[in-house]
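Notes to accompany the following structure.
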Amino acid sequence: MSQLLDLAVDLQDRRERLTHRATAKSLRIWGQADVGALDASWDRIAPTLTTVVTAAQVTAARQSTPYMNSVSQAWDYDAHRAVLVPEAFGGVMLDGREVAPALFGAVTTTKRAIGAGMNPARAFEVGATFLATIIGAAVQDMGRQADATLATGKGFTRYVRVVSAGACSRCAILAGRDDYRKPFSRHPRCRCTSVPIPNGQGPPDGFHDTPTEYFDSLSAAEQERVFTKSGAFAIREGANPISVVNARRGMTKGGELGAPARLVPTRIGVKADGSPLNVFITGEGTTARGAFARSEGAATFTAAKQGRYRRTTTLRIMPEQIQIMAGNNPARARELLARYGYMDF
Ligand SMILES: [Zn+2]
């Protein structure tokens, strides 16, 4: 095993444990809600839930710093100086919305299930499943945003996808090299991460350059679990894994919001050194795509209609969007990531 593979797997394990802890804690809090009085219960539990998820996101971002430092060293890479601001990754979803209204989707999901005739106790579990999915995305997405921000800050532009153990076929066909300047493809419950590679370098030992190499690295049982028995057979017979998978089904990307018209600095807290932590938000509408984005968006829309989260039309500008705004210019991306509060250098 290469040192880089060890580092990448260690980060993924720590982030997965963090996600699991935050989810378990949140589900215990959700369990204190009264399914017969969901709105009142929500008002009681929402502040604690939001705090738990926000803290986990900041921790996920903190994990980036030792990881990217070790990876730079392992490559013997002459990295630019870049200091992440982990707090900037808390309290927000990948599409730029605040965490609380996204979590509120658990309430609307439960109510919708009851309205459709489901037994309330069962509907409450459906709401819990929704909550777990949102929290997983909230923590993993912000971890990945922090990784990409710091990698960009250090001067990397390319990475190899670290396909998580037990990943589904949609992640498996993304195995190989990709670019931090593009939004990271992911789907609900995706645990994949990235390991940066210096320009001109191939994947480090233990990583795979193509989906076929990744396929070949799996045991026969894993190949069949991921690609189905017939799919695995077809690939062994020479089919391209990408053609076997119903490509991109349910895969979503953040950062597809278009260039926001007007960005307003908003203080959301303080940094570790006591200085103010500003993020930039916009009132422009979201055009995040994909089934996952639609379901999250629908839940928020319901919340907004009910008057509970009127401010959900404000969106925070996320690192993935900044990469788009930077127009393929790494120096500009570093400058904007610092200006919008995600890092210093
Ligand atoms: Zn994945």
Side-chain angles (χ1 to χ4, degrees), residues 4-5 7-20 22-23 56-57 60-61 63-64 67 89 93-95 129 132-148 151 158-180 182-197 203-204 206-219 222-228 231-232 235 240-242 244-256 288-293 295-296 318-320:
L4 283 157
L5 183 61
L7 291 168
V9 169
D10 176 61
L11 174 79
Q12 210 166 64
D13 286 350
R14 282 186 296 126
R15 201 162 277 160
E16 177 61 16
R17 284 197 299 274
L18 170 70
T19 306
H20 185 77
T23 305
Q57 291 179 302
Q63 293 173 337
S64 288
Y67 173 62
F89 297 84
M93 302 297 292
L94 185 58
D95 64 5
T129 303
T133 304
I134 292 289
I135 293 167
V139 176
Q140 293 283 334
D141 282 338
M142 285 312 113
R144 286 187 284 250
Q145 290 292 290
D147 296 342
R158 307 275 292 155
Y159 67 85
V160 177
R161 189 181 188 94
V162 186
V163 180
S164 70
C168 70
S169 59
R170 291 168 294 171
C171 289
I173 59 168
L174 294 170
R177 276 177 272 189
D178 217 319
D179 198 309
Y180 283 119
K182 293 189 309 191
F184 191 93
S185 294
R186 101 295 194 227
H187 58 85
R189 300 180 188 279
C190 179
R191 300 296 186 251
C192 297
T193 49
S194 65
V195 62
I197 51 175
F207 290 90
H208 313 291
D209 207 10
T210 64
T212 303
E213 279 182 28
Y214 176 72
F215 177 86
D216 291 342
S217 77
L218 299 173
S219 68
E222 267 293 284
Q223 289 173 344
E224 290 175 4
R225 182 191 66 75
V226 175
F227 291 92
T228 75
I235 297 167
N240 185 332
I242 294 171
V244 167
V245 175
N246 185 359
R248 306 253 159 182
R249 185 172 44 87
M251 187 66 75
T252 56
K253 292 173 178 180
E256 296 183 0
R289 295 178 193 115
F292 186 47
S295 66
E296 288 179 67
M318 300 307 298
E320 281 189 351

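Each ligand, and each atom within it, is numbered from 1 in the order the structure gives. Everything numeric here is computed off the predicted structure, so don't read it as measured data. The figures that follow rest on heavy atoms only: side chains count, while hydrogens, waters and symmetry mates do not.
One side chain, Q12 or T193, offers a donor N or O that lies under 3.5 Å from an acceptor on the other.
Salt-bridge check for R144 with D141: passed, with a basic side-chain N closer than 4.0 Å to an acidic carboxylate O.
Listing protein N, O or S atoms at distances below 2.8 Å from the Zn ion (ligand 1), with waters left out, gives C171 SG, C190 SG, C192 SG.
Every ring-ring contact (aromatic ring centres under 6.0 Å, His included) that F227 has, sequence neighbours left out, goes to F215. Qualifying salt bridge (Lys or Arg N to Asp or Glu O under 4.0 Å) partners for D216, counting only residues two or more places apart in sequence or in other chains: none. Contacts of Y180 classified as ring-ring contact (aromatic ring centres under 6.0 Å, His included), with partners at least two apart in sequence or in another chain: Y159.
Separating the NZ atom in K182 from the CD atom in E320 is a distance of 11.5 Å, to the nearest 0.5 Å.
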